[in-house]
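Counting from 1, the numbers follow the sequence of the chain as shown.
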Amino acid sequence: MMMPFKRQALVEFSTVESADRCVSCGAKEPVYIAGQQAYFNYSTSKRITRPTNADNPNSGNKVLLLSIQNPLYPITTDVLYTVCNPIGSVLRIVIFKRNGIQAMVEFESVQCAQKAKAALNGADIYAGCCTLKIEYARPTRLNVIKNDNESWDYTKPYLVRRDRGKGRQRQAILGEHPSSYSDNGYGSPCPLLPLPGNSRYKLTSADVPDMVSYPLPQSSSSYSAHTSSSVAMVSGLHSSKMNCTRIFNLFCLYGNIEKVKFMKSVPGTALVEMGDEYAVDRAITHLNSIKVFGKRLNVCVSKQHAVIPSQVFELEDGSSSYKDFAMTRNNRFSSAGQASKNIIQPPSAVLHYYNVPPCISQEHLLRLCTEHDVPGFVKFKMFDAKPSSKTISGLLEFDSKTEAVEVLTVLNHYQIRIPNGSNPYTLKLCFSTSSHL
């Protein structure tokens with residue numbers, strides 16, 4: 001049993017003889033663990049006792065106890081939600097500071113808690129610090145009376161809220177910490193830590209990016225001086241033709257999309273949480289004031305610093321007003337290599353298409369436009385592909401930039417199924433560097 005705040009651990013052997021050998025070996029020759037000499041002696045405890053079934057995966061407990069070792073940076077409900085929720089749906093978080101910094105996280109199900117424990121135990125929230133030690137907690141349900149830095153009930157958004165904007169920096173799991181504090185606002189981009197490779201719960205490589213660059217603000221004081229946020233507010237959306245997925249299809253060209261939420265109180269307006277504030281800047285630069293479905297978009301930086309699911313309702317097309325895209329494989333900036341392949345382009349009348357099966361012809365693509373009630377292209381070009389290539393790519397020219405934007409918004413990431421094919425092909429679209437064919 002680990003006792004992280006005492007820098008000690010209890011080890012129970014099957015026999016006294018084994019314990020004797022351990023103590024005598026440790027006395028004869030120094031043992032070093034991570035550069036520190038470890039000392040072995042007998043404990044006053046005869047056996048290790050745990051909370052009833054607390055560390056038994058079959059105990060049916062969906063609440064985890066997180067101990068944060070070496071907490072050099074603030075640990076808030078925002079941080080823990082960002083860390084835990086991609087693994088399994090989080091219902092409630094309570095942070096307390098009795099023995100250092102600890103927290104209890106209640107998940108939607110026992111299975112979610114088991115996956116989170118397997119994936120995150122031993123991981124660093126920030127590189128070299130804020131290390132997570134996770135075990136099953138005694139309580140089976142958490143009681144939260146207010147939503148703030150130290151407790152949050154995600155099933156009750158109406159609880160008293162705190163100001164989520166002040167001094168909050170972009171959190172992920174969670175990248176390199178700022179290397180120094182200075183007045184220039186930002187340091188060099190830093191890598192996002194992958195889940196531990198030896199995890200018993202392994203997501204596939206398609207589900208979890210190996211490395212993501214997130215430039216983190218150097219300090220909250222320098223951050224608050226900027227009007228930066230990783231959340232964009234988009235207004236002027238067509239009420240029946242725009243939904244969360246179509247916003248993703250358009251905005252993903254300029255950065256990873258975490259979440260999209262339509263605002264019930266402001267019709268035609270949505271919040272888009274992106275990978276970082278630079279992605280929001282790119283989206284504003286290229287998408288503000290463009291026309292989509294006859295309405296002009298207004299894209300600006302939101303005062304919100306995170307999108308929290310609340311007041312979820314049904315849009316006119318029957319889809320949900322909120323969607324989480326954090327784990328989708330269609331994000332295009334999920335690794336340094338992937339991000340480098342993206343050419344950031346303003347909207348144009350020419351679309352570049354790729355990842356299309358070789359059997360798809362010009363007529364197929366025109367029929368696709370007709371079936372989805374979007375304008376057809378006027379010129380078509382297919383790039384030469386190697387005989388062994390499993391996909392093809394090319395260019396589509398439309399009568400106007402507006403038509404190209406609408407087609408991309410609707411058909412980007414469309415699943416193309418072919419006869420006798422086991423998996424569909426995901427049609428990828430982006431704006432081309434060519435102005436015409």
Side-chain angles (χ1 to χ4, degrees), residues 1-73 75 79-80 83-84 87-88 93-107 110-140 142 173-174 193-203:
M1 181 174 72
M2 298 295 297
M3 295 181 287
F5 303 112
K6 294 182 179 180
R7 297 172 66 198
Q8 296 178 354
L10 297 176
V11 180
E12 181 180 344
F13 289 88
S14 57
T15 64
V16 174
E17 291 73 25
S18 297
D20 288 339
R21 284 197 295 272
C22 178
V23 172
S24 59
C25 278
K28 289 175 186 175
E29 193 171 335
V31 176
Y32 290 88
I33 301 174
Q36 296 283 329
Q37 185 173 355
Y39 299 93
F40 298 86
N41 213 328
Y42 297 103
S43 169
T44 55
S45 304
K46 297 299 181 186
R47 63 185 301 270
I48 293 176
T49 56
R50 309 286 293 142
T52 308
N53 292 329
D55 214 31
N56 178 0
N58 302 314
S59 65
N61 196 353
K62 59 182 182 178
V63 180
L64 297 181
L65 173 63
L66 281 58
S67 299
I68 294 88
Q69 292 182 263
N70 196 19
L72 298 184
Y73 297 91
I75 301 298
V79 172
L80 295 181
V83 168
C84 297
I87 309 298
I93 297 174
V94 175
I95 298 173
F96 47 95
K97 300 173 183 177
R98 295 173 197 154
N99 275 330
I101 297 180
Q102 294 182 295
M104 288 191 186
V105 180
E106 181 183 345
F107 289 86
V110 177
Q111 290 73 26
C112 288
Q114 289 171 350
K115 290 175 181 178
K117 183 177 185 294
L120 299 176
N121 191 24
D124 289 347
I125 295 177
Y126 296 102
C129 64
C130 303
T131 305
L132 292 171
K133 297 296 181 183
I134 303 176
E135 55 196 272
Y136 292 100
R138 290 185 187 184
T140 56
L142 299 180
I173 182 167
L174 276 179
L193 297 177
L195 293 176
N198 61 352
S199 167
R200 286 167 288 167
Y201 170 61
K202 293 178 180 172
L203 300 179

Problem - Test item: Phe96 and Met104 side chains (from C-beta on) under 4.5 Å apart, heavy atoms - result: yes
Fill in the blank from the handout: Closest heavy-atom pair, Ile95 versus Ala103, reported as atoms and distance to 0.1 Å, is CG1-CB, 3.9 Å
Completion exercise
Closest non-hydrogen atoms of Pro139 and Asn61, given as atom of the first, atom of the second and distance, are O-OD1, 3.2 Å
Problem - Closest contact, heavy atoms only, Phe40 versus Cys22 - result: CD2-SG, 3.6 Å
Completion exercise
Taken to the nearest 0.5 Å, the spacing of Lys46 NZ from Glu12 CD works out to 12.0 Å
Practice task
Answer yes or no: is there a donor N or O on one side and an acceptor on the other, between the side chain of Glu106 and the main chain of Leu142, under 3.5 Å?
Solution key: yes
Practice task
Show your reasoning for whether side-chain contact (heavy atoms from CB on, under 4.5 Å) applies to Asp20 and Tyr42.
Solution key: CA-CA 9 Å; Asp20 288 339; Tyr42 297 103; 2.6 Å; yes
Problem - Partners passing side chain to side chain donor-acceptor pair (under 3.5 Å) against Thr15 (at least two apart in sequence or in another chain) - result: Ser18
Exercise for the section: Could you tell me which residues satisfy side chain to side chain contact (heavy atoms under 4.5 Å, CB included) with Cys25, sequence neighbours excluded, listed by chain and number? Expected result: none
Problem - Heavy-atom closest contact (Ala38 atom, Ile33 atom, distance) - result: CB-CD1, 3.8 Å
Fill in the blank from the handout: Tested for side chain to side chain contact (heavy atoms under 4.5 Å, CB included) against Val105, the lone hit among Leu120, Ile134, Val94, Leu66 is Leu66
Practice task
Given side-chain contact (heavy atoms from CB on, under 4.5 Å), test Tyr73 with Ile75 step by step and report yes or no.
Solution key: CA-CA 6 Å; Tyr73 297 91; Ile75 301 298; 5.9 Å; no
Practice task
Find out whether Leu65 and Tyr136 are in side-chain contact, i.e. whether some heavy atom of one side chain is under 4.5 Å from a heavy atom of the other.
Solution key: no
Exercise for the section: Check whether more than 12 heavy atoms from other residues, nucleotides or ligands sit under 6.0 Å from atom OH of Tyr39, and answer yes or no. Expected result: no
Practice task
Verify whether one side chain among Thr131 and Asp124 offers a donor that lies under 3.5 Å from an acceptor in the other.
Solution key: yes
Handout entry: Any side-chain heavy-atom pair of Lys62 and Cys112 under 4.5 Å
Key = no
Problem - Shortest non-hydrogen contact between Pro71 and Cys130, atoms and distance - result: CA-SG, 3.8 Å
Handout entry: side chain to side chain donor-acceptor pair (under 3.5 Å) against Tyr32, all qualifying residues, sequence neighbours excluded
Key = none
Practice task
Spell out, as yes or no, whether a donor-acceptor pair under 3.5 Å connects the side chain of Ser45 to the backbone of Arg47.
Solution key: no
Handout entry: Nearest-0.5 Å distance that lies between atom CG in Leu132 and atom SG in Cys84
Key = 7.0 Å
